[in-house]
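This report concerns only the one structure given below.
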2 protein chains.
Amino acid sequence: MKKAEATRLNILEKAFELIYVKGYQTTSVDDIIATTEVTKGAFYYHFKNKDEMGVAIINELLKPSLTTSFIDPLLNDSDPLDAIYNLIHNLLIDNEFLKVEYGCPASNLTHEMTPWNADFHHALNDLTQQWIKTMAGAIENGKRNGHVRTNVDPLQATMFVMSGYWGIRNFGKLENSKKVYFPFLKELRNYLDSLR
Amino acid sequence: MKKAEATRLNILEKAFELIYVKGYQTTSVDDIIATTEVTKGAFYYHFKNKDEMGVAIINELLKPSLTTSFIDPLLNDSDPLDAIYNLIHNLLIDNEFLKVEYGCPASNLTHEMTPWNADFHHALNDLTQQWIKTMAGAIENGKRNGHVRTNVDPLQATMFVMSGYWGIRNFGKLENSKKVYFPFLKELRNYLDSLR
DNA sequence: GCAAAAACATACCAACTAGTATGTTTTTGA
DNA sequence: TCAAAAACATACTAGTTGGTATGTTTTTGC
């Protein structure tokens with residue numbers, strides 16, 4: 001990787017971690033350049049302004065990680081309901097980057113930025129639509145394979161599961177402990193079994 | 001009501017609306033006093049600082065509205081599953097204060113403030129625990145009345161439903177239309193029926 | 001090897017932030 | 001009625017914000 005590219009990537013990664021913990025609005029450009037140890041000149045050479053950097057985080061960091069962590073696990077599993085449960089379980093319990101007290105980065109940004117920044121809105125919507133499509137597709141396949149009842153509506157079920165995931169992330173922030181995830185996961189299991 | 005009390009309440013209400021739309025951090029004290037048409041002297045006479053006002057909003061505005069809008073509907077209905085469905089439906093579709101593009105005020109504040117402000121954290125946790133207790137109690141009653149299967153775990157089901165509510169509020173922000181609420185509500189109905 | 005462009009550094013600024021110091025006006029209670 | 005306290009008003013400040021103007025250094029391509 002070229003040095004300039006590395007600088008840019010470094011800014012994005014450090015900024016992402018700060019924003020994940022502190023929120024976008026309360027993470028200042030000065031914060032970012034302090035932790036990355038680059039100067040303002042470098043920052044504004046790579047990004048027109050702070051918002052452009054924010055959108056770059058979504059498109060260049062969140063999007064790829066969505067693919068590997070949220071999409072791929074749903075693609076090649078034979079039983080989609082097991083795949084969905086395992087995915088959510090992994091995200092909530094095993095994933096060591098996502099912290100219970102800071103929630104889900106995509107959800108955080110949606111809450112904070114979507115109502116009044118069109119670029120963030122668009123980038124985050126892209127992200128979400130991809131996840132919806134994949135999960136609904138997996139359930140649709142499950143219907144054909146006999147893993148899922150034929151009268152299940154894939155999109156409805158997808159929206160329901162994803163809402164649950166985002167919502168339990170909110171609970172996690174309140175309780176500040178992964179303990180709250182377990183009753184949720186048990187009931188998710190029950191719900192998914194009711195689709196068989 | 002005394003005039004001073006009215007001033008204080010006016011500040012709280014206007015500030016709440018601003019914060020609901022713009023977020024807490026990005027709503028400045030100057031914003032608040034501009035829309036309330038009181039001066040800084042009045043503001044800082046009634047509140048020690050901005051955070052104290054924020055917590056007052058939770059305790060003096062959100063808490064009472066929680067009781068009437070989130071708690072009471074769950075208390076005297078004979079069928080708790082119907083009561084839950086109707087509650088969520090009302091909140092999502094009929095409630096005219098809550099806007100799809102701005103989500104749920106309590107959820108917004110939780111996302112924004114909980115990880116790093118202990119007072120907000122505490123006040124919001126109080127709020128949530130009340131809702132959990134009520135909903136779980138209603139389901140527990142339903143088990144005794146035969147409206148709910150005896151092997152249903154009330155707390156698990158409560159966490160699952162509430163997570164779904166908070167999560168779909170996130171979706172609403174992304175889609176900016178109540179249309180997304182309908183598939184969620186349909187699947188919520190399915191899920192609740194599976195508890196019978 | 002060397003000019004041009006890319007990459008980065010430094011110093012600055014105007015706007016905004018929460019909060020305060022010091023007033024003036026209004027209300028209260030004896 | 002009248003002084004004291006409550007309620008509000010005005011002017012200010014120190015710190016922070018995103019962003020820019022103007023440099024210097026490093027890399028690139030011929």
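Each chain gets a letter, A, B and so on, in the order the sequences are listed, and its residues count up from 1.
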Closest to the [X] side chain: [options]?
X     : options                : value
B/T39 : D/dA9, C/dT20, D/dG19  : D/dA9
B/S28 : D/dT17, C/dT17, C/dG19 : C/dT17
A/K40 : D/dA9, D/dG18, C/dC8   : D/dG18
A/T7  : C/dT20, C/dC8, D/dA9   : C/dC8
B/Y44 : D/dC8, C/dC8, C/dG19   : C/dG19
B/Y45 : D/dC8, C/dA7, C/dA9    : D/dC8

[N] [atom2] sits how many Å from [X] [atom1], rounded?
X     : N      : atom1 : atom2 : value
B/F43 : C/dA18 : CZ    : P     : 8 Å
B/D51 : C/dA18 : CG    : P     : 10 Å
B/E52 : C/dA18 : CD    : C1'   : 14 Å
A/I19 : D/dG18 : CD1   : P     : 10 Å
A/D30 : C/dA9  : CG    : P     : 15 Å
A/K48 : D/dG19 : NZ    : C1'   : 12 Å
B/K22 : C/dT17 : NZ    : C1'   : 12 Å
B/R8  : D/dA6  : CZ    : P     : 16 Å

Check: Reckon A/T27 touches a base, only the sugar-phosphate, or nothing at all at heavy-atom distances under 4.0 Å?
Finding: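 The residue A/T27 makes sugar-phosphate contact but no base contact.
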
Notebook entry, point to check: Taking 4.0 angstrom as the limit, do A/D31 and A/K14 come out as a salt bridge?
Noted result: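 Salt bridge absent between A/D31 and A/K14.
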
Next item on the list: Establish, for the pair B/K50 and B/Y24, whether the NZ or CZ atom is under 6.0 angstrom from the six-membered ring centre and no further than 45 degrees off its axis.
Entry: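 Verdict for B/Y24: a cation-pi partner in B/K50.
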
Next item on the list: List for me each residue that meets side-chain contact (heavy atoms from CB on, under 4.5 Å) alongside A/H89, sequence neighbours excluded, and say none if there are none.
Entry: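 side-chain contact (heavy atoms from CB on, under 4.5 Å) check on A/H89 returns A/Y85, A/I93, A/D94, A/L185.
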
Check: With respect to the phosphate group of D/dA6, does any side-chain polar atom (N or O) of B/H46 fall under 4.0 Å of OP1 or OP2?
Finding: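 False: B/H46 side-chain N/O out of range (4.0 Å or more) of D/dA6 OP1/OP2.
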
Notebook entry, point to check: Considering only heavy atoms and no angle criterion, is a donor-acceptor pair shorter than 3.5 Å present between the side chain of A/K50 and the base of D/dG19?
Noted result: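 Result: no qualifying N/O pair found.
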
Note to self: What I want to check is whether the side chains of B/E187 and B/N190 have a donor and an acceptor closer together than 3.5 Å.
What the structure shows: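 Yes, a side-chain donor-acceptor pair sits under 3.5 Å.
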
Check: Cut-off 3.5 Å, side chains only: do B/S107 and A/N170 have a donor facing an acceptor?
Finding: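 On atom types as modelled, these side chains qualify, holding a pair under 3.5 Å.
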
